[in-house]
Amino acid sequence: MAKDFSTREENYSKWYNDIVQRAGLAENSAVRGCMVIKPYGYAIWEKMQAALDKMFKDTGHSNAYFPIFIPKSFFSKEAAHVEGFAKECAVVTHYRLKNDPDGKGIVVDEDAKLEEELIVRPTSETIIWDTYRNWVQSYRDLPILINQWANVVRWEMRTRMFLRTAEFLWQEGHTAHATREEAVEETERMLDVYADFAENFMAIPVLKGTKSANERFAGAVETYCIEALMQDGKALQAGTSHFLGQNFAKAFDVKFASQEGTLEHVWATSWGVSTRLVGALIMAHSDDHGLVLPPKLAPNQVVIVPIYKSADQQNLVVEKAREIQRQLQKAGISVKLDDRDTYKPGWKFNEYEFKGVPVRIAIGPRDVENGTLELARRDTLQKEIIQMKGIEQTIEKMLNDIQENLYRKALEFRERSTYKADTWDEFIDILDNKGGFILAHWDGTAETEQKIKEETKATIRLIPLNNIPEEGKCIFTGKPSSQRVVFARAY
RNA sequence: CGGGGUGUAGCGCAGCCCGGUUAGCGCGCGUCGUUCGGGACGACGAGGCCGGAGGUUCGAAUCCUCUCACCCCGACCA
C-alpha cells in the first residue's frame, strides 16, 4: 500500500503532483515554470510519439524542422494571431555576454543588440507560412503535408507539471491545400487521428467537436478539438486541429496558379498534441496506489520480481526469470526483470505499483518447483497463480484485458459524469456538486458564453460534431437555441 | 501580476512568538550482521554557510529591511 501519499479524495492536485514526482515522471527545474522530464516520464512520451508518428506517416505526412526563433515582424502579420500570443512570448534581444566590467559575473553585452528581436516560438505558423511561400507556385506543389516534433515556449503565469509549463514538447502539423474542401477534410482527418490515438492507445474516451469563437485558436477559422474528462470532473483539451482558411496564406502571401490558370491563396490547417497528454494519462486512470498506465503506452508492460532466500535459490529463480523474460520479449512484450539484490520483493511490489506497470510477475522457489507464477494486474490489483506454460498467451490476453478495462472504466465514468441541464439552478448545482460535462442550450453569442464563464468558471468545451438539433432555451438568457453544447470547468 | 503561505541534511518536518552551549526528529544514505512470497530489523556511521544580501546586537535559524525561489487562490492559457 502506498503510504505517506495523498489520495484523490483528500487533495486531488497534491495527489497528481505526488504521482508525477514519486513515479519519477518529472520534477521542477531550476528554471521557473519549466520542468525536467525524467527518463520514465520521457519514455511514456516516446511511446506516444512513436504511435502518433506512425499515424501521421500513414496519413501521408512527413516530418521536418523549422527554427525555434521567429523574427518579431512575422508575428505582426496575422492580426488575430498576434493578439492571441503576444502576452506570453519570450523574446531574444541580444546575442552575446561579456564579463561584468564592474566586478564578478557576467552581463549582457549591450553592444550585441539584435537589429530585430527574435521570438521564441509559441507555435510555428508564422515561420512556416513564410517558408511555404517559396515552396508553392503551382497547384502541382500542393498539398504540403508536414509535421514537426518540437519544443515551444509560452510564458505562463501559473504552471503545473505536464498540464501547463512554460516550455513544452509537442508536434505541430502544418498543411497547405488547393481547396477549402480539402483543407477541411484534412482538419477533420487529423482530429480523427487524435481521437483514435486517445481511445485506442491512451484508453481515454474523448468527445469530438468544434470550439466556440471565444475558445478558437488565434488565427483559425474553425478549431476542432478532442476533449477528455478527468477523474475530478474537470475537462481537459487533449488535442486540437485547426482549419486556418486562407488567413495565413493572405498574411504571408502564399499563392498558387490553379489548374484553370487563376492565382489563388492556399488553404491551410494546423494541428497539435503535446506532453500535456502525459498529464491526461495520469489523471484519467491512476488511483490512490499511484500511476496506472495502459499497456500500449507503458514503458514496461511487465515487470518480473524474483523471490528467494539463499544464494542457491537466487541463482535458480533469477535464471528462470530470465528465461521467462526472453520468452515474453520474443512475443513482442516489453519486460523488465528487476533482479537487484539491494531491494526486497515487497519494496519492489510497491515501487512498480506506484509506477503503474500493468502486469507484475512474481517468481519464487515454490513456483520454479511447481511450474507456476504469480500474476498481479495493476488496474484491478488482483493476483492469481498461473502456469508457466503458455505464459506468452496469458500475458498477451491480460494486457489486452487491461487496455480494454481501462477504456471501459473511463467511458463509464464519463457517461455517469455527463448531465443535461435545462435551468440555471440545475446548471450551477451540477457544476458545484458533481462536476463533469454538462449538455445545455446556449444562445450562440460570445457575450453569453463570457458571462457564464465569469459567473461559474465553466466554459463551452465544444460543440459536438454531428450534434442532434434540439429546440430549447439558452440556460443563461432564455433566448432560443437549436442545439445543446458541452460545458465544463476545464484545465 | 494581485492576495495568502513556505524556504532549516537528498526528502518530509520541529525549533523562530520570548535571540544565548555542539541546531534536532522521521524517512532516505554508508558499513556489518540477521532477514527476503506485500514497503524488514539491530548496531555503528556520514551528511547543515538554517534560500540569498544587508542591518540591529556582546551574540541571529530566531528580530528588522530588501531580494530570490517554490506552493495555494484569482486574472491568462494547450
Side-chain angles (χ1 to χ4, degrees), chain A residues 1-6 11-14 16-18 21-22 27-35 83-89 122-123 151-172 194 211 214-218 223 225-228 235-242 270-280 289-290 305-311 313-314 317 340-354 360-370 372-376 381 383 385 450 453-454 457 459 461 490-491:
Chain A
M1 299 292 275
K3 45 186 178 186
D4 56 74
F5 168 66
S6 318
N11 186 338
Y12 193 84
S13 59
K14 187 163 191 301
Y16 175 82
N17 284 331
D18 281 353
Q21 288 180 39
R22 295 269 311 274
E27 64 187 36
N28 281 313
S29 71
V31 185
R32 183 198 194 104
C34 296
M35 66 176 170
E83 174 83 13
F85 286 104
K87 282 172 288 182
E88 48 185 15
C89 286
T123 179
N151 60 338
V152 286
V153 170
R154 295 181 188 175
W155 214 261
E156 297 290 349
M157 298 292 181
R158 238 178 106 186
T159 58
R160 295 194 65 190
M161 287 206 267
F162 290 111
L163 299 175
R164 176 163 299 108
T165 47
E167 180 193 16
F168 57 93
L169 307 183
W170 77 346
Q171 59 67 217
E172 43 180 330
Y194 289 154
K211 286 291 187 192
N214 281 358
E215 301 279 322
R216 195 175 291 150
F217 174 76
T223 287
C225 66
I226 53 170
E227 204 78 20
L236 183 113
Q237 180 174 300
T240 49
S241 184
H242 313 290
S270 69
W271 28 274
V273 296
S274 72
T275 37
R276 171 178 250 205
L277 291 180
V278 178
H289 300 270
V305 178
I307 295 160
Y308 49 81
K309 290 183 182 156
S310 64
Q313 284 184 347
Q314 179 178 5
V317 168
R340 286 178 299 176
D341 195 33
T342 46
Y343 292 93
K344 293 183 59 187
W347 188 92
K348 292 177 186 174
F349 289 177
N350 281 286
E351 176 75 359
Y352 293 110
E353 203 160 281
F354 210 87
R360 182 186 72 229
I361 298 175
I363 174 168
R366 284 207 300 271
D367 295 308
V368 177
E369 202 175 310
N370 301 336
T372 58
L373 294 167
E374 183 195 80
L375 277 197
L381 297 170
K383 291 197 284 199
I385 306 291
Q450 189 59 33
K453 184 178 176 184
E454 279 162 18
K457 308 276 170 243
T459 48
R461 298 322 302 156
Y491 276 98

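Within every chain, numbering begins at 1; the chains are lettered A, B, ... in the order of the sequence lines, protein sequences first and strands thereafter.
- Applying the Watson-Crick and G-U wobble criteria (two distances, each under 3.5 Å), B:rC63 pairs with B:rG55.
- Across the P atoms, B:rU8 and B:rC44 are found 29 Å apart, a figure rounded to whole Å.
- Using a distance-only test at 3.5 Å, with no hydrogens or angles considered, no donor-acceptor pair links the side chain of A:Thr159 to the main chain of A:Ala166.
- Going from the P atom of B:rA14 to that of B:rC25 covers 16 Å, rounded to whole Å.
- Nucleic acid contact for A:Thr165: base, since at least one base atom lies under 4.0 Å from a heavy atom of the residue.
- Annotation: A:Glu454, atom CD; neighbour count of heavy atoms from other residues, nucleotides and ligands within 6.0 Å is above 12.
- The nucleotide whose nearest atom lies closest to any side-chain atom of A:Asp367 is, among B:rC72, B:rG37, B:rG39, B:rG37.
- Nucleic acid contact for A:Lys383: base, since at least one base atom lies under 4.0 Å from a heavy atom of the residue.
- B:rU6 is paired with B:rA69 under the criterion used here, namely a Watson-Crick or G-U wobble arrangement in which both key atom distances are under 3.5 Å.
- Under the 3.5 Å distance criterion, the side-chain polar atoms of A:Gln21 are left unmatched by any main-chain donor or acceptor of A:Glu27.
- Between A:Asn28 and B:rC71 there is a side-chain polar atom (N or O) within less than 4.0 angstrom of OP1 or OP2.
- Contact check on A:Lys211 versus A:Glu227 returns a salt bridge, with a Lys/Arg side-chain nitrogen under 4.0 Å from an Asp/Glu carboxylate oxygen.
- Among the nucleotides B:rC76, B:rA75, B:rG38, the one closest to any side-chain atom of A:Lys453 is B:rC76.
- For B:rG24, the paired base is B:rC13 (Watson-Crick or G-U wobble, both distances below 3.5 Å).
- Between A:Glu88 atom CD and B:rC1 atom C1' there is a gap of 15 Å when expressed in whole angstrom units.
- Comparing the C1' positions of B:rC16 and B:rG10 gives an interatomic distance of 24 Å, to the nearest angstrom.
- Using P as the reference atom, B:rC66 and B:rG26 are 38 Å apart when rounded to the nearest Å.
- Out of B:rG39, B:rG38, B:rC36, the shortest distance to the side chain of A:Glu351 is found at B:rG39.
- Residue A:Gln21 contributes atom CD, which lies 21 Å from atom P of B:rC27 at whole-angstrom precision.
- Between the C1' atom of B:rA75 and the CD atom of A:Gln450 lies a distance of 11 Å, rounded to the nearest Å.
- Within the nucleic acid shown, A:Lys87 has no heavy atom closer than 4.0 Å to any nucleic acid atom.
- The nucleotide B:rG45 finds its pairing partner in B:rC29, both defining distances of the Watson-Crick or G-U wobble pair being shorter than 3.5 Å.
- Here, B:rG52 and B:rA69 have their P atoms 15 Å apart, quoted to the whole Å.
- The heavy-atom pair separating A:Pro345 from A:Val305 by the smallest distance is CA-CG1, 4.1 Å.
- The side chain of A:Arg360 lies closest to B:rG38 when the candidates are B:rG39, B:rG38, B:rC73.
- Atom CD1 in A:Ile363 sits about 18 Å away from atom P in B:rC36, given to the nearest Å.
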Next item on the list: I would like to know whether A:Thr123 and A:Arg154 meet side-chain contact (heavy atoms from CB on, under 4.5 Å); could you show each step before the answer?
Entry: CA-CA 9 Å; A:Thr123 179; A:Arg154 295 181 188 175; 3.7 Å; yes
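- Residue whose closest nucleotide on RNA chain B sits further toward the 5' end, between A:Asp341 and A:Phe162: A:Asp341.
- Looking at A:Tyr16, its side chain does come within 3.5 Å of a backbone N or O of A:Met161 through a donor-acceptor pair.
- Heavy atoms of A:Leu163 sit under 4.0 angstrom from at least one base atom.
- Residue A:Lys344 places at least one side-chain N or O under 4.0 Å from the OP1 or OP2 atom of B:rA40.
- When the nucleotides B:rC29, B:rG74, B:rG39 are ranked by their closest atom to the side chain of A:Trp347, B:rG39 comes out on top.
- Look at the P atom in both B:rC32 and B:rG55: the space between them is 50 Å, to the nearest Å.
- Sequence order on RNA chain B of the closest nucleotides to A:Gly84 and A:Asn17 puts A:Asn17 first from the 5' end.
- For A:Arg158 and B:rG74, the CZ to P distance is 6 Å, given to the nearest whole Å.
- Of the listed nucleotides (B:rC36, B:rG74, B:rC29), B:rC36 has the atom at the smallest distance from the side chain of A:Pro345.
- B:rA23 and B:rG15 are spaced 8 Å apart, taking the C1' atom of each and rounding to whole Å.
- Atom pair A:Glu156:CD and B:rG74:C1' shows a separation of 15 Å (rounding to whole Å applied).
- Rounding to whole angstrom units, CD1 of residue A:Ile307 and P of B:rA40 are separated by 13 Å.
- A donor-acceptor contact under 3.5 Å is not formed by the side chain of A:Lys348 with the base of B:rG37.
- B:rC76 and B:rC29 have their C1' atoms separated by 44 Å, given to the nearest Å.
- B:rG74 is paired with B:rC1 under the criterion used here, namely a Watson-Crick or G-U wobble arrangement in which both key atom distances are under 3.5 Å.
- Atom-to-atom, CE of A:Met35 to P of B:rC70 comes out at 15 Å; the value is rounded to the nearest Å.
- By the 6.0 Å contact criterion, CH2 on A:Trp155 is open, its count of non-hydrogen atoms from other residues, nucleotides or ligands being 12 or less.
- With a 3.5 Å ceiling on both atom-pair distances, B:rG37 lacks any Watson-Crick or G-U wobble partner.
- Across all strands shown, A:Tyr491 has no heavy atoms under 4.0 Å from either base or sugar-phosphate atoms.
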